[in-house]
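This report refers to the structure that appears directly beneath it.
All residue numbers refer to positions in the sequence shown, counting from 1.
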Amino acid sequence: RVGLLAAGLAALYPNLWVSDGLVMSESVSCLAISLTVWALLTWTAHPTRGAACLVGAAAGFGALARSEVVLFVPAAALVMWLVGRRSGTRPLAHVITATGVALGVMLPWLIFNLVRFDEPVLLTTNEGPALLGANCDDTYYGPAQGGWSLACLFDPVDRPNEDPSTRSARQRQQAFSYVRHHAGSVPIVVVKRVARSLDLYALDDMVRGDVGEERERRAAWAGIVSFWVLAPLAAVGAAATRRRDRAVLLIPVLIACATTVVIYGGHRIRSAAEPSIVVFAAIAIERWSQRHGQGSGLPLS
């Protein structure tokens with residue numbers, strides 16, 4: 001019942017499909033995250049070497065879709081270690097298997113990046129623009145507080161032949177320098193980043209950014225309203241989920257939170273958490289139906 005409810009919510013939830021018509025990573029990364037969560041839940045229920053391989057493969061493909069998803073690899077390793085020790089499984093062997101498969105999936109891309117740029121690059125050269133666009137006057141004191149601003153990337157010096165890795169490294173250093181010189185403003189900026197990701201602050205600015213990325217305005221607003229409905233349900237569902245499964249489902253949420261705090265708040269950054277939000281909301285609805293006598297349902301806690 002929870003699975004069917006989650007599937008229905010996913011089909012209706014705009015934040016899972018609003019980017020499908022765009023050449024962006026959210027659709028692929030949400031799929032990869034969903035597969036990784038499923039694989040890790042499968043492993044926790046029946047710890048086998050094959051399930052550990054699935055965890056590593058899904059996490060590796062997720063990292064290739066969006067670089068912050070690489071955080072799923074150490075998070076999954078920690079869960080496998082803790083669950084394995086309690087269940088009597090040899091957790092070290094399974095952790096090594098999952099981590100090795102993840103690295104194997106990513107390795108061709110890592111090698112390709114390491115040999116083709118002037119500066120060392122692992123997954124992407126986008127971290128420089130992402131950091132600089134999130135740490136400047138517009139995003140600390142201007143209309144894009146807590147968000148990201150394209151205007152921050154303006155460079156008065158013409159650099160037509162600059163290698164992307166060199167540009168990214170320069171922008172990263174500029175961002176770090178800005179943070180050091182405005183350290184006193186960082187706490188309030190972080191609060192506003194989190195508020196943006198929770199759709200509680202600067203909604204017009206975020207929708208404007210969504211439209212600028214060629215999303216439909218109505219779909220962007222529908223996603224905001226839908227999040228307002230599902231997020232409280234997800235909190236209730238998380239509390240009703242047994243601890244082992246909750247730990248797995250919270251990994252994408254924690255990844256989204258960490259990325260929000262370090263970079264900026266926005267719908268693209270929150271996308272990692274959307275599959276878990278849907279599942280937790282489905283659990284809450286199923287819990288409610290149990291209490292009202294609508295079927296026996298599943299044991300959730």
Val211 and Glu216: CA distance, side-chain angles, deciding distance, side-chain contact (heavy atoms from CB on, under 4.5 Å) verdict: CA-CA 6 Å; Val211 173; Glu216 290 287 342; over 6 Å; no
Taking every non-hydrogen atom, the tightest pair across Pro252 and Leu249: CD-O, 3.3 Å
Short side-chain to backbone donor-acceptor contact, Thr139 and Cys136, under 3.5 Å: yes
Side chain Ser226, main chain Gly223, donor-acceptor under 3.5 Å: no
Inter-residue atom distance Leu41.CG - Asp245.CG, 0.5 Å rounding: 5.5 Å
Close aromatic pair by centroid cut-off 6.0 Å: Phe227 and His267: no
Beyond-backbone contact of Tyr264 with Thr259, side-chain heavy atoms, under 4.5 angstrom: no
Heavy-atom pair of closest approach, residues Asp138 and Ala151: OD2-CB, 3.7 Å
Considering all heavy atoms, the nearest Arg1-Ser289 contact: NH2-OG, 3.3 Å
Show me the donor-acceptor pairs, under 3.5 Å and distance only, between side chains in residues 117-130 and residues at least two apart or in other chains.
unit_1	atom_1	unit_2	atom_2	d
Thr124	OG1	Asn126	N	2.9
Glu127	OE2	Ser168	OG	3.2
Glu127	OE2	Arg172	NH1	2.6

Glu162 atom CD, neighbour heavy-atom count above 12 within 6.0 Å: yes
Sub-4.5 Å side-chain heavy-atom contact between Arg85 and Pro91: yes
Cluster check Val69, Trp43: I/L/V/M/F/W/Y, side chain < 4.5 angstrom: yes
Nearest-0.5 Å distance, CD1 of residue Ile33 to CD1 of residue Ile255: 6.0 Å
Stepwise side-chain hydrogen bond (donor to acceptor under 3.5 Å, both in side chains) test for Gln145 and Tyr140: CA-CA 5 Å; Gln145 281 185 308; Tyr140 273 52; over 6 Å; no
Worked check of salt bridge (charged side-chain N to carboxylate O under 4.0 Å, His left out) between Arg170 and Asp155: CA-CA 11 Å; Arg170 174 174 52 79; Asp155 188 350; 3.3 Å; yes
Min side-chain heavy-atom separation Thr42-Leu54 under 4.5 Å: no
Minimum heavy-atom distance Ala284-Gly237, with the two atoms named: CB-N, 3.6 Å
Verdict with supporting geometry, Leu233 and Ile277, side-chain contact (heavy atoms from CB on, under 4.5 Å): CA-CA 8 Å; Leu233 285 174; Ile277 290 172; over 6 Å; no
Parallel, tilted or perpendicular: rings of Tyr141 and Tyr178 (30°, 60°): tilted
Step-by-step side-chain contact (heavy atoms from CB on, under 4.5 Å) determination, Ile251 to Leu40: CA-CA 11 Å; Ile251 292 175; Leu40 188 53; 3.8 Å; yes
Joint hydrophobic cluster, Ile263 plus Val70, side-chain heavy atoms closer than 4.5 Å: no
Cation-pi check, Arg116 onto Trp109 ring (under 6.0 Å, within 45° of axis): yes
4.5 Å side-chain heavy-atom contact, Arg270 and Asp199: yes
Side-chain donor/acceptor of Asp210 to backbone N/O of Arg215, under 3.5 Å: no
Same cluster (ILVMFWY, side-chain, under 4.5 Å), Met106 and Phe72: no
Expected output: side-chain Trp221 to main-chain Arg217 donor-acceptor under 3.5 Å: no
Thr166 side chain to Arg159 side chain, donor-acceptor N/O pair below 3.5 angstrom: no
Sidechain-backbone polar pair: Arg246 side chain, Ala238 backbone, donor-acceptor under 3.5 Å: yes
Residues Trp38, Val279; criterion side-chain contact (heavy atoms from CB on, under 4.5 Å); working and verdict: CA-CA 11 Å; Trp38 167 77; Val279 174; over 6 Å; no
Smallest separation among heavy atoms of Thr260 and Ser197, with atom names: OG1-OG, 3.0 Å
Which pairs of donor and acceptor atoms, one on a side chain in residues 58-66, lie under 3.5 Å apart (sequence neighbours left out)?
unit_1	atom_1	unit_2	atom_2	d
Arg66	NE	Glu68	OE2	2.8
Arg66	NH1	Ser25	OG	3.1
Arg66	NH1	Glu26	OE2	3.1
Arg66	NH2	Glu68	OE2	3.1

Ser19 (side chain) donor-acceptor with Leu22 (main chain) under 3.5 angstrom: no
Donor-acceptor pair, side chain of Arg244 and main chain of Thr44, under 3.5 angstrom: yes
side-chain contact (heavy atoms from CB on, under 4.5 Å) partners of Val115, counting only residues at least two apart: none
Residue pair Tyr201 / Val191, side-chain heavy-atom distance below 4.5 Å: no
Side-chain heavy-atom pair Leu250, Ser276 within 4.5 angstrom cut-off: no
